[in-house]
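Every chain is numbered from 1, with letters handed out A, B, ... down the list of sequences. For clarity, every value in this text was computed on a predicted model and none was experimentally measured.
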2 protein chains.
Amino acid sequence: MLDAAVKVFSRRGFHAASMDEIAEDAGISKPMVYAYLGTKEELFVACLHREGTRMMQAIAGAAAPDLPADERLWRGLRAFFGFVGAHRDGWAVLYRQARGEQPFAGELATMRARLVEVVAGMLDHALRAEGREIAAIDLEVVAYALVGATESLADWLADHPDADPEKTATRMMNVAWLGAAQLLHGVTWRPPVD
Amino acid sequence: MLDAAVKVFSRRGFHAASMDEIAEDAGISKPMVYAYLGTKEELFVACLHREGTRMMQAIAGAAAPDLPADERLWRGLRAFFGFVGAHRDGWAVLYRQARGEQPFAGELATMRARLVEVVAGMLDHALRAEGREIAAIDLEVVAYALVGATESLADWLADHPDADPEKTATRMMNVAWLGAAQLLHGVTWRPPVD
DNA sequence: GAGCATACCTACTCGTGCGTAGGGTTACGC
DNA sequence: GCGTAACCCTACGCACGAGTAGGTATGCTC
């Protein structure tokens, strides 16, 4: 039943999706949807929650914390893009939807914050191993940028049905890791004085 | 009047925003809004258009095409984050809104495609200067990731009213340019064979 | 000052879609 | 066979908000 909801929400968007259509698509009638899942908002949150949990699990399962940073990043990215590739309309559109609608932005922000935290933790760990340290806020912002770039490529992937998730992950590594590795080695860019 | 519309759309979101509220906020009555700007969708598109054009102009004006790549990137980013910083609720929320709602996704995709194209062109130019070349699709994807990372930081900036746009731009350079510079010098990351 | 047009408002219609009330149907106990 | 209970449906009430019709004031022409 959640599958049907995800499908319709994806295709129509939250507002344009009617409960009638979801019910029809699920092969039951509207009052049943209300009986099982509650209001439209609750239904959407349930979808969001399930997809989010699945995604986090896919990533967490792949990126064991005892691996070196680059290996973790690579496995995490591969799992992530694999997931998006397998749930194209599910993920990307739900995600895009949720960002726009205030009632869910918070829910999503929490999910994303967890991701950012994981990435930041990973970077921090790698930095300490190098005997280095940078301000927490800088770390957070870098992690934020990496997560953003990844989401952006996920959108790209969702819009290009023929693209290969694995290859996309490799490309992401090329952007993310080459830059991050520099930072880890203490190379930084400074604005020109003009 | 567009200012009022942008403000309300930002605060409420496209659907939750009522034409009554926009009219009230603009200090006129609803029929006037219809007389001047047409339907709600047209009004939203007008907002989107104005903000988008302003942003593109801000960037284009700062990043002259005859500068070296890193300098162009830096100036472009600085202009971009400066713009977002100055139009916090305008930009970020409009942008977030537009991605979710199908009727406007296309409009926005066009804008973003122009940005991606500019970034890709810049990278390509820099690559050729180094006597190198990579597949157009890879170039596009890298550019896409950079644009995504930048948007992500723009969101971050919009959510952190005290943050400094200039500093955010510097951080973005640290992520983007260090990675890109590596790519330009022919350094690439390859997946481990496992 | 009468006629007219322009600029604007108040107050309505009407469609749409969420959420629900109340009725039918099937299966089981007695 | 009849009561009853679980289950699901059709068909509606109701609120909300986009878009409009028709009326009012202000200023301009003759």
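- Contact check for A/D164 versus A/L157: no side-chain heavy atoms found under the 4.5 Å cut-off.
- Taking the six-membered ring for Trp and thresholds of 30 and 60 degrees, B/F104 and B/F44 have ring planes inclined between 30 and 60 degrees apart.
- Residue-environment remark: NE2 (B/H160) exceeds the threshold of 12 foreign heavy atoms within 6.0 Å.
- Aromatic rings from A/W91 and A/F80 are positioned such that their centres are separated by under 6.0 Å.
- Between B/D159 and B/R96 there is a salt bridge, since at least one side-chain N of the basic residue sits less than 4.0 Å from a carboxylate O of the acidic one.
- At a threshold of 4.0 Å, the pair A/D3-A/K7 does not count as salt-bridged, since none of the basic side-chain nitrogens sits closer than that to a carboxylate oxygen.
- Interface limits on DNA chain D: the 5'-most and 3'-most nucleotides within less than 4.0 Å of chain B heavy atoms are D/dA18 to D/dA21.
- In this structure, B/E24 places its CD atom where only 12 or fewer heavy-atom neighbours from other residues, nucleotides or ligands lie under 6.0 Å away.
- Checked options B/K40, B/K30, B/R12; the residue passing with B/E21 is B/R12 (criterion: salt bridge (Lys or Arg N to Asp or Glu O under 4.0 Å)).
- Look at B/D25 and B/R11 and you find a salt bridge, because one of the NZ, NE, NH1 or NH2 atoms lies within 4.0 Å of a carboxylate O, short of that distance.
- A/W156 and B/E140 share a side-chain donor-acceptor pair at under 3.5 Å.
- Against DNA chain C, the stretch residues 31-40 of chain B makes heavy-atom approaches under 4.0 Å through B/P31, B/M32, B/Y36.
- Across residues 7-28 of chain B, B/I28 each have a non-hydrogen atom less than 4.0 Å from an atom of DNA chain C (numbered order).
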